[in-house]
Amino acid sequence: LSLYHNRKGRATGNSHAIQFSRDMIEYIIPNKSILLLFGVVPYMALTFAYAQLLQQTSAISVSMMSWGLILFAAAAAFASSYHSALKLGGMMESVGSGNADVETLKSEMSETRRTSGKYALIFLSLAVICLFSAMSLAANPLDWTVVTNIMQMLFTFDVLVKLTQFAFISMTIASIGTLFFTFGWQGGKKVLHSEYAEYVKKSALPMALVTLLVQPVFVVLSLVALPVSALSGLVFLTAFLVIFFIFLASHFVYGMIKGMSPGHAGNAFFMMILALIFIVVHTNTSFSNSTQKQSAQLAYNYTLYHEELMKMMGISGAVLTGEDIFNAKCTACHEFGAKKVGPAYKDVLPKYENDRAKLLSFVLNPQKMNPAFPPMPNQGLKPSEVDSIAGYIMMMYKKGK
């Protein structure tokens with residue numbers, strides 16, 4: 001947006017457009033540390049988190065995120081350069097022309113602004129594509145062994161929805177943020193000419209309203225794109241809250257269109273921040289649900305490693321058998337041949353007969369499956385204990401069958 005208004009201003013000689021482009025980038029990048037602390041570092045942390053979760057799998061999500069991190073760091077460097085060139089360019093415009101050195105410096109600043117702005121946009125776009133392709137693949141365990149390059153993910157429905165939604169959210173935040181920092185933050189800008197204020201309203205308000213109104217569609221589409229394993233009550237609740245806060249933000253933006261009020265700008269901005277928070281919760285919850293089996297497998301592997309290490313050190317602990325755990329934990333609610341508080345094992349175990357990992361995942365993190373029975377409480381078992389009880393009940397089930 002800053003690039004667009006800067007080029008528009010220089011092409012038409014509109015000083016308000018040029019000032020708008022400078023203000024917008026100044027609000028986003030007041031200093032270089034912002035790019036590092038709120039951009040590069042979180043991207044790096046996310047890459048490490050995915051690397052930890054997806055270890056021992058064939059998913060290429062970590063590779064895509066690693067490339068995305070490099071591209072994002074490059075985009076941050078070019079964005080910082082663009083910001084500096086805009087700032088210095090504004091200072092140089094106040095210096096009179098006629099001096100050859102001054103004109104050369106102005107030309108260099110202009111070239112730096114064009115080049116750095118263009119490359120910041122290119123590298124940022126590529127970094128975002130890598131990010132969402134990696135996230136989409138990681139949330140679909142069935143694709144881990146199938147997808148071997150990023151092009152296979154690029155045109156999938158899920159990635160296209162995420163990229164389009166991200167673009168609209170970015171434009172919403174940029175336009176509402178600009179309105180907030182221009183008119184609302186600490187009483188607004190101290191020196192604000194009426195013509196410039198009108199240009200800001202004309203440029204930011206329609207874009208904010210339009211991008212807000214289309215976002216509920218993408219929230220619904222993102223739900224449709226999720227695998228069944230990722231869905232849960234919390235996923236639907238957070239999606240509803242995202243739409244709710246977007247609706248409130250659009251209400252305040254519409255209020256600004258009808259009659260400008262600095263308070264509306266602040267309210268719209270904070271409603272959009274709340275919507276973003278619930279988008280993050282929504283994304284993390286669905287991802288956690290879809291990778292439940294992988295998390296359980298990692299926990300189980302860690303327990304085995306820990307027990308082996310304890311044995312090597314000559315430290316042993318009391319070991320409960322599957323039968324011990326069954327008698328202590330399970331018999332209160334379950335029997336093999338008859339319904340009790342929970343369903344009979346003979347009715348529910350057939351679907352786990354050839355999928356031990358799915359059974360382990362369910363016992364570690366129970367979910368309500370059958371509306372006819374209450375949800376199974378989490379028993380607080382270790383992965384090794386879950387493995388023992390799973391082995392025991394499957395053995396008894398097969399023996400009875």
Side-chain angles (χ1 to χ4, degrees), residues 1-30 86 161-223 237-282:
L1 289 173
S2 177
L3 275 169
Y4 167 76
H5 284 281
N6 194 273
R7 289 180 179 181
K8 174 185 173 182
R10 293 185 184 283
T12 60
N14 188 335
S15 60
H16 297 318
I18 295 173
Q19 183 61 42
F20 185 66
S21 73
R22 287 176 188 152
D23 286 346
M24 185 174 286
I25 208 72
E26 184 65 34
Y27 298 146
I28 297 168
I29 317 173
L86 270 182
V161 168
K162 280 184 169 66
L163 288 173
T164 311
Q165 182 185 21
F166 180 82
F168 279 111
I169 289 174
S170 298
M171 287 189 283
T172 303
I173 287 293
S175 51
I176 291 180
T178 301
L179 288 166
F180 172 59
F181 286 108
T182 302
F183 300 107
W185 178 249
Q186 295 181 342
K189 288 188 72 171
K190 301 305 177 192
V191 180
L192 186 63
H193 299 292
S194 58
E195 295 89 352
Y196 177 65
E198 195 59 34
Y199 182 88
V200 173
K201 285 188 251 182
K202 233 162 113 181
S203 301
L205 280 172
M207 178 180 294
L209 186 61
V210 170
T211 53
L212 275 168
L213 291 176
V214 299
Q215 280 175 44
V217 176
F218 288 101
V219 175
V220 174
L221 288 175
S222 67
L223 276 174
L237 174 62
T238 51
F240 168 77
L241 289 171
V242 170
I243 294 173
F244 174 72
F245 285 114
I246 285 173
F247 169 76
L248 290 180
S250 61
H251 171 76
F252 288 118
V253 170
Y254 182 72
M256 281 189 280
I257 292 175
K258 298 297 287 183
M260 190 63 200
S261 169
H264 285 346
N267 291 334
F269 183 75
F270 289 118
M271 289 302 105
M272 199 58 208
I273 293 298
L274 288 172
L276 281 176
I277 289 171
F278 283 106
I279 286 173
V280 172
V281 175
H282 170 82

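For the single chain, residues carry numbers from 1 onward in sequence order. Atom set for the values below is all heavy atoms of this structure, side chains included, hydrogens, waters and symmetry mates excluded.
For Tyr27 and Phe180, the ring centers sit 6.0 Å or farther from each other.
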- Task: Go through Thr178 and Leu1 one step at a time and tell me if the side-chain contact (heavy atoms from CB on, under 4.5 Å) criterion holds.
- Result: CA-CA 11 Å; Thr178 301; Leu1 289 173; over 6 Å; no

- Where do Phe245 and Leu248 land on the side-chain contact (heavy atoms from CB on, under 4.5 Å) test, with the steps shown first? CA-CA 5 Å; Phe245 285 114; Leu248 290 180; 4.1 Å; yes

- Between Gln165 and Phe168, does a side-chain contact (heavy atoms from CB on, under 4.5 Å) hold up when you go through it step by step? CA-CA 5 Å; Gln165 182 185 21; Phe168 279 111; 6.0 Å; no

- Item | Worked check of side-chain contact (heavy atoms from CB on, under 4.5 Å) between Thr182 and Asp23 | CA-CA 9 Å; Thr182 302; Asp23 286 346; 5.6 Å; no

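Note: Phe269 CZ to Ile173 CD1 = 6.0 Å, rounded to the nearest 0.5 Å. In this structure, CD1 on Ile169 lies 10.0 Å from CG on Leu212, to the nearest 0.5 angstrom. One distance of note links CG of Leu3 with CG of Leu86; it measures 8.0 Å at 0.5 Å rounding. We find the CD1-OG distance between Ile18 and Ser15 to be 7.0 Å, quoted to the nearest 0.5 Å. Of the inter-residue distances, the one linking His5 atom NE2 with Gln19 atom CD reads 13.0 Å to the nearest 0.5 angstrom.
Environment of OH in Tyr196: crowded, with over 12 heavy atoms of neighbouring residues, nucleotides or ligands closer than 6.0 Å.
Side-chain atoms of Gln215 and Thr172 form a donor-acceptor pair, as typed in the model, at a separation below 3.5 Å.
Residue Tyr199 comes nearest to Ala17 through the heavy atom pair OH-CB, 3.2 Å, listed as atom of the first residue, atom of the second, then distance. Closest approach of Ser250 and Leu209 over heavy atoms only: O-CD1, 3.9 Å. For the residue pair Ile246 and Ala275, the shortest heavy atom distance occurs at CG1-CB, 4.0 Å. Closest heavy-atom contact between Leu205 and Ile257: CB-CG1, 4.0 Å. The two residues Met256 and Ala268 make their nearest non-hydrogen contact at CE-CB, 4.3 Å. Shown here for Ser2 and Met24, the closest heavy-atom pair between the two residues is N-SD, 3.9 Å.
Screening Phe278, Phe218, Phe247 for a side-chain contact (heavy atoms from CB on, under 4.5 Å) involving Val242 leaves a single residue, Phe278.
Annotation: side chain of His282 is in contact with side chain of Leu223 (closest heavy-atom distance under 4.5 Å). Residues Val210 and Met171 fail the side-chain proximity criterion, which asks for heavy atoms closer than 4.5 Å. Residues Leu179 and Val253 form no side-chain contact, since every pair of their non-hydrogen atoms from C-beta on lies 4.5 Å or further apart. Looking only at side-chain heavy atoms (C-beta outward), Lys201 and Phe183 come within less than 4.5 Å of each other.
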